[in-house]
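Below is one structure, written out as structure tokens, with a few remarks after it.
Position 1 is the first residue of the sequence; numbering continues from there. The model shown is predicted, which means the values in this text are computed figures rather than measured ones.
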Amino acid sequence: MDKIAATIRPSIKSNVRRFCKRILQPFFMPQKDYGKKVYFHSLKKPIKEQYVFYEAFAGLGILDNPRAIFKALLKDSFFKDFVHVWAVDDLERAEPNTKEFSSLANVVIVKRGSSRYYEYLATCQYLIANTTFGYFFEKRPQQVYINTWHGVPTKYMGYEHTAERVENARGPARHFLSADYLLSSNRFMTDIMYRRSYKLDELFEGTLLEIGTPRMDCLTAPDKKYVYEKLNRLGLQTDKKIILYAPTWKGSLYDRLDYDVKELKQLIYQFADSVNQQEYRIYLRVHYFLYRILAAEPGLRDFLIPFTIDTNELLSVVDVLISDYSSIFFDYLATGKPMIFYVPDLEQYETGRGLYVPVDSLPGLVSSEKDVICQTLSLVTKAPKDYLKTYQKRYQTMLSWCTYNEDGNSCRRLIDIVFKKMSMPEEDVALREDLSEFYLRQYRRTETGIYAFEGFRQNKTRALICFNTRVNQESSYHELLEYLESIDFEKKDVTLLVTSFKDEKNKQFFNHLPAEVRILVWYALPFVTSQTKNFFRHEVRRTLGTMQFDEVKVIGGVTKYWAEFVNALPR
């Protein structure tokens, strides 16, 4: 640790840069920062009751778990007076996805990042997201925040991500900790992702609902005609059986891709040549960032499934799935159809990032060789039942512990537990509580293992360390290391709140702190130039929500207001 601390040196240049930015910012404020200012001021406006705000994949479209919940609420006459607001990043590109609902009087579609977007996010009573809203987000006490996430983990993630430990975890961890409800498909997802990867034990005070995955409802009761019609409208042929190649995201955070487009094109052609093309048609489903690149490739355009088609609705008409470490295979288990796993970078994943699911337990052939995959694909299309029989034991084992809650009623359970309780008139407080208890009690007792519980283990002393990286004094880093070395992590839960994370040396330092330390990052709002007492009172709420700590330690010249306000705010 001393060696790590020695790499941190004061940076006069960075301090001067921050000072200049503070002076000039009010005069040269970018539109995205102005929007955050709108959000900040909208937090004072009244809450819009019976308004539901949805966002999927940072505004990609009406997709995934939020889409499934949205459609279920639309069908339920109990919620006929609800207004549904969808955030969409590129309105024109997403139009094939949104036009199905855009004419409905109670559906509002707003451009992500616009003033209306920030106003709705700050004032809608219900918030539903499958990722995160951004560092500026603050959940108001009157809002109900449901984070659904977007898949069962297969690769190391969160604080266990080997290459990007803090970068990968900081945003989701803060959002999970501020959520009223977290959704989980099964016990594996609960324990591995929420409790372990994102370190929610000891600090999460919301309710985790292990009630299955809303987006899976359309797989257990598929409307294939509806999906085929959507594909046909986009010019995609559905006259043959469909093979879908859906590789996982490869690359670092955001849009730093790690794909060889030429190699991918060649691979798709090899897959297509391996099967009877009079009977089967192959399609490619990739991450949105990669889709934008491949859509310009003439040789791949005809194979691509646009992101405007919801993945799980698509899976309902797929006959064979080729994937790798993507969580898509967990969902596809429900179809009972063949899967093949092409893993050309298996060694890199096993020795580098790491996998939660051993490859020898995957329900299908696993290979890093293209020729083997092509040969297997040929056999599968000729005798799918024989292939499934070969991997039946793996299939049933994984099905039993990964999808036991996927019975087509996940949306109904969520609506019953969350929305119907909240929609009771205020004067029927007792009835609302009885309804809540009824549903939670009912779902705890079902034989399928569906359950809900409030809070994770909370047996340790909670400690918060507020650490000022902007001072960047070597003595402060040594003080932090000495303090951490003195802690018995069996008895104390430690959250480290740092004030900056952009400097590469800081990243190296924090990524090598003890694995038990939960690291959150405070990012100052870009339009604030005066850091008053009232400012910090608000920032504590924005950064830490309703989290409470038994002790607060300040290192590196952090203002005393952090320690003063952490446990002083009304809950």
Counting only heavy atoms not in K382 (residues, nucleotides, ligands), do more than 12 fall under 6.0 Å from its NZ? no
With salt bridge (charged side-chain N to carboxylate O under 4.0 Å, His left out) as the test, pick out the partner of D201 among R195, R196, R518. R195
Side chain to side chain donor-acceptor pair (under 3.5 Å) partners for Y391, two or more places apart: none
State whether F78 and K420 meet the cation-pi test: NZ (Lys) or CZ (Arg) under 6.0 Å from the six-membered ring centroid, and within 45° of the perpendicular axis. yes
Among Y117, Y135, F133, F136, which one satisfies ring-ring contact (aromatic ring centres under 6.0 Å, His included) with Y39? F136
Main-chain N/O of G151 paired with S327 side-chain donor or acceptor, under 3.5 Å: no
Can a side-chain donor-acceptor contact be found between S316 and K224 if the only test is distance below 3.5 angstrom? no
Strictly distance-based, threshold 3.5 Å: is any side-chain N or O of S197 a donor or acceptor partner for the main-chain N or O of Y194? no
Take F307 and R93 through the test side chain to side chain contact (heavy atoms under 4.5 Å, CB included) and record every step on the way to the result. CA-CA 10 Å; F307 70 89; R93 190 183 291 269; 3.5 Å; yes
Tell me if the centroids of the rings in Y356 and Y156 come within less than 6.0 Å of each other. yes
Do any N or O atoms from the side chain of K48 and from the backbone of Y120 form a donor-acceptor pair under 3.5 angstrom? no
Can any side-chain N or O of R413 pair as donor or acceptor with the backbone N or O of I211 at less than 3.5 Å? yes
Expected output: side-chain E406 to main-chain T213 donor-acceptor under 3.5 Å: yes
Is the W86 ring parallel, tilted or perpendicular to the Y54 ring (thresholds 30°, 60°)? parallel
Side chains of residues 227-234: which donor-acceptor pairs under 3.5 Å do they make with residues two or more places apart or in other chains?
unit_1 : atom_1 : unit_2 : atom_2 : d
K230   : NZ     : E313   : OE1    : 3.1
N232   : OD1    : T238   : OG1    : 3.0
N232   : ND2    : Y228   : O      : 3.2

Examine the side chains of S184 and T190 and answer whether a donor and an acceptor come within less than 3.5 Å of each other. yes
Among R112, K111, R67, whose salt bridge (charged side-chain N to carboxylate O under 4.0 Å, His left out) with E55 holds? R112
Centroid separation Y280 to F271 less than 6.0 Å: no
Do F53 and Y126 make the cut of ring centroids closer than 6.0 angstrom? no
Any chance the side chains of Y283 and Q237 put a donor and an acceptor closer than 3.5 Å? no
Side-chain donor or acceptor of R394 paired with backbone N/O of D360 under 3.5 Å: yes
Between Q143 (side chain) and L121 (backbone), is there a donor-acceptor pair under 3.5 Å? yes
What about F70 and H84, are their ring centers closer than 6.0 Å? yes
Can N130 and N65 be said to form a side chain to side chain donor-acceptor pair (under 3.5 Å), step by step? CA-CA 7 Å; N130 74 344; N65 288 316; over 6 Å; no
Carefully, step by step, assess L267 and Y342 under the rule side chain to side chain contact (heavy atoms under 4.5 Å, CB included). CA-CA 11 Å; L267 178 65; Y342 177 48; 3.5 Å; yes
